[in-house]
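Below: the structure, in structure tokens.
In what follows, chains carry the letters A, B, and so on, assigned in the order in which the sequence lines appear, proteins first and then strands, with residues in each chain numbered from 1.
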Number of protein chains: 2
Amino acid sequence: MLLLRRCHSLTRFGPLNTQRHQVTPAVASCAARLCSSSSSSEDHRSHQRVHSLSWKHALAGLLAGTGAVLAYGLHHQHKAERADTGVQTLKKSSSLPIFSQEEVTKHRSLEDGIWVTYKGGVYDITEFVAMHPGGDKIMLAAGGALEPFWALYAVHNQEHVLEILSDYKVGELNLEDLKKQQAVKSSDPYSSDPERHPVLHINSLKPFNAEPPPEILSDSYITPSAFFFKRNHLPVPQVDPASYQLHVEGLPGGALTLSLEDLKTRFPKHTITATLQCAGNRRSEMNKVKLVKGLNWGIAAISNATWSGARLRDVLLAAGYQPDVAQWARHVQFEGLDTDVTGTTYGASVPLNKAVSEEGDVLLAYEMNGEDIPPDHGFPVRVVVPGTVGARNVKWLGKIIVSAEESSSHWQQNDYKGFSPGTDWDTVDFKSAPAIQELPIQSAITTPADSATIDRSDGTLTVKGYAWSGGGREVVRVDVSLDGGKTWQAAQLRSGEKGQAPEPSPPPGRAWAWKLWEITAPLPPDAQELEIVCKAVDNSYNMQPDTVSPIWNLRGVLSNAWHRVKVKIRKDEEEE
Amino acid sequence: MLLLRRCHSLTRFGPLNTQRHQVTPAVASCAARLCSSSSSSEDHRSHQRVHSLSWKHALAGLLAGTGAVLAYGLHHQHKAERADTGVQTLKKSSSLPIFSQEEVTKHRSLEDGIWVTYKGGVYDITEFVAMHPGGDKIMLAAGGALEPFWALYAVHNQEHVLEILSDYKVGELNLEDLKKQQAVKSSDPYSSDPERHPVLHINSLKPFNAEPPPEILSDSYITPSAFFFKRNHLPVPQVDPASYQLHVEGLPGGALTLSLEDLKTRFPKHTITATLQCAGNRRSEMNKVKLVKGLNWGIAAISNATWSGARLRDVLLAAGYQPDVAQWARHVQFEGLDTDVTGTTYGASVPLNKAVSEEGDVLLAYEMNGEDIPPDHGFPVRVVVPGTVGARNVKWLGKIIVSAEESSSHWQQNDYKGFSPGTDWDTVDFKSAPAIQELPIQSAITTPADSATIDRSDGTLTVKGYAWSGGGREVVRVDVSLDGGKTWQAAQLRSGEKGQAPEPSPPPGRAWAWKLWEITAPLPPDAQELEIVCKAVDNSYNMQPDTVSPIWNLRGVLSNAWHRVKVKIRKDEEEE
């Protein structure tokens, strides 16, 4: 009975429980059950002997602190069995079939098979799922590319991992999909939107708005671009980098036009690590209080990346900016190349002093995580306004206007503003509130997931999450409570990849990147369920409000109350 | 019965109820009762006819929107009565008695008489109290000087007010007290501390720590210096402005020494309006959760003033500061001229980038509210670090040190830091938390006072208070609830003296001054008591935490939960 439940826990998709203590020796037995539920006919015979797997082998792998030994052993035993039964022939065929991405994406369950792609190859890893040392996290890759996950989990960068993978090759991805060239359906303005990784939870398809599974966020200080939350307001424009032009207007010297090459060569390349967050992150919690207008974001409309490009300050100086401009100008407006059916572009603005400050670090970025910015994130050039709400970080940047006025766009004037909980759509006056720029202190629990069931196991619980504040304010503490907020302990903060040296401490007011946090605390002895709560503090000692209701607002933005997660605790095995 | 209760309400000292709707025609009748309880023998006869005061007269004054007409009328009727009975002789005496401040201060109740001083004169205004158009607020001046109140309530700057006052003259203040020269008791390091206004609520006498009555704060956008909260860590040093020297150290050019004259003449004079707040403001609310170490501040360890002086930036540039200094220096330390018995000075530091920023507005201030800085506030020179906790605004500034390190002072290293509620004195590691610099969003209700009883009167309630945020973040909204936080309405904000044009909107990130707020809302029809709550929002959309307990910390700093005030509602007269 216990075994069956564990298997279920490993296979279910959606809110995945990634508690470390779930990786127990039981995973080996579980593997057998899982695989025997697979529907691919050739698999049936091969699984009979998995039960005979040496427990010593499994245990050795776990004690070594990595599941790799276990997985390798399981895999090789498995492989030998397959060779006996002639299953290997498919792989050895000289002409493997060609599959489309669409066909690959259909294979996302044990019933339909688990397919993934890697460097143009298509792999059916259904059998391997139960042997995967990283547990059920492998299911996140189902139907999509492995590369972003392997970038995230660097342990895969080993020869024997590729060796394991090669055994599961079933075909090639067609060239068209490999090049991510999409069929153009002229009637649909979204038809040229890029492919996205299937792991993303889609809040809106057109325009595309999606967030990664929360547990991915806290596994990597830098969010791989494929998993970085995506918030488009309009179709993704197709921009030819060779003919790209950026226009800078509103300065005494007249208009300046720059090519992508100009941006890359005429200005020093500046790199920052910065977290972007959608104003609507965690809106779903406000929806539970009372319905708001807006996409029902979970807790993952926030991500962290490195960004490289020219400083906006440098470009404005080149375009004729001088200090006396500040006597009449107050704002810098940005226009995107993304347009609606009337030809209106996306637009936003930021205060001039942020734009021109040496310490503001506003970038015209052409790289994200060391590569060209992907189409969904603003290829070839986007603005990165660190410390400022996502909506002002205009993508596919076409025009910069130095101005006495804020952007007149809908998104600056009649959206992305905060109101009193007492304000409704009948009484709201959008002019009465300032456009959101800097965001307030924020944190959330990424694991365990809400409603997860946790093993009592070694009597401790590990809780992970992220914390960030706007305006360059550094997160200095995250308090975690296991009793709904009655008692609190400070979590450990991390500002770099796990096991690596942390990034150097930023100067005051320039902490643009989040901190990941983690705490392992004793489980209360008799607790059957817990309400886990987190709240963060930044270096202005701003704290999150306790509850959602008093910060509720009709647009569902700025949802930064304490994050609460309820979990059940499974009794010890011997008690069942 | 009602009359008697009202009289009591007017005369009680301490938490004074200043709701505007208390100024009703009943005040006139009340006057009679009050005066007849006076203990001065010569008054007894003069009050018999007050009852005959024309109600038309009283009503005219109130309808005119000011109580001045009423007061003047009441006063003249009174005066005529006094003339009849020879009471005027005292005033007309050519040799009025000389009183000490100590004697004046003894007269702070209707029983002992209400005495005040004005420009060296001593006035017994016992009789006038009940006629005062401003209601019982006049009691705040009892035993002290009128000047700071009249600066606060400019309506007094009229000839007829002086005329009224002159009739109550009973003596002269002795010259010594007038010059505020204090007797020197060599054994007490605090013996040369200056005189303070008796209205201040003293939390500690040595060192002197005191706050004004809260309702004074919201009556004046600029807090008069006499009422500005005072937070000294050590005795007030006596500094001779003629020989004052400021030493600037740590820059490549070597040490620079400046006289007060140098500061005033060699650098442009820069003026800002800035609110200072003690880190311990509202600590008393944390004490109610669990006892903390620290002075039991109420809600008034915060005040707003104009400050003029040389920019620290300009002085550092004159002392040899160049951008490359920032490669090794991180902090600017300040040392006060106030010392403990071992000769150790008060000290603190701020981040270098705040100190040298053109937008940081850090001043070496020699004026407060347009006058020399008073001794309690740092005469002759103090640092004003706008947006930053009071403790870094070092008074009686003696030395500035540009440094790679923070100040090593107790107050920088082992005080003024925030911790998790779970941290106690056994587990605290002061190195684990950053020194408080910018403060978080704050607001409080100044009227009505907690536990006040409110007339149902016209069916509305006016609530007033202040709101401020650190780091130059502008307060953009204050929400007020009359039902303990269930429903909210946005209050009206004010950034200047009432009836005057507001100060011009500050550039982003330079909103150093608080906003005063006010809301008049209908009283719930059947409510017998209310829990009034306020919470503010700054332009980074940071909000105050809901409750005190989760932000409790062992030092009782950063107490910025929603402010809650419970009041009782008195039924309508006709219902009694």
Report the option among [options] that has the most heavy-atom pairs separated by less than 4.5 Å from atoms of chain B.
options: A:T423, A:I441, A:D479, A:I551; answer: A:D479
options: A:S357, A:P351, A:G418; answer: A:G418
options: A:I436, A:L352, A:D538, A:N353; answer: A:N353
options: A:P507, A:P421, A:A433; answer: A:P421

[X] side-chain N/O to [Y] backbone N/O, donor-acceptor pair under 3.5 Å:
X: B:S481; Y: B:T487; answer: yes
X: B:S349; Y: B:S407; answer: yes
X: B:Y416; Y: B:A391; answer: no
X: B:E518; Y: B:Q492; answer: no
X: A:E285; Y: A:N560; answer: no
X: A:N553; Y: A:F419; answer: no
X: B:T275; Y: B:W514; answer: yes

Structural part of [X] lying under 4.5 Å from a heavy atom of chain A:
X: B:S549; result: neither
X: B:R473; result: side chain
X: B:E359; result: side chain
X: B:P434; result: both

Structural part of [X] lying under 4.5 Å from a heavy atom of chain B:
X: A:E474; result: neither
X: A:K535; result: side chain
X: A:L439; result: backbone

(message) Only pairs of heavy atoms separated by less than 4.5 Å count here; which of B:E438, B:Q437, B:K486 has the most with chain A?
(response) B:E438

(request) Heavy-atom pairs under 4.5 Å with chain A are the metric here; pick the option from B:A561, B:P545, B:G485, B:G422 that has the most. (result)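 Heavy-atom pairs under 4.5 Å are most numerous for B:P545.
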
(message) Looking at every heavy atom in both B:W468 and B:G387, which two are closest together, and how far apart are they?
(response) CZ2-CA, 3.9 Å

(message) Give me the atom names and distance for the closest heavy-atom approach of B:G556 to B:M286.
(response)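 That closest heavy-atom pairing would be CA-SD, 3.6 Å.
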
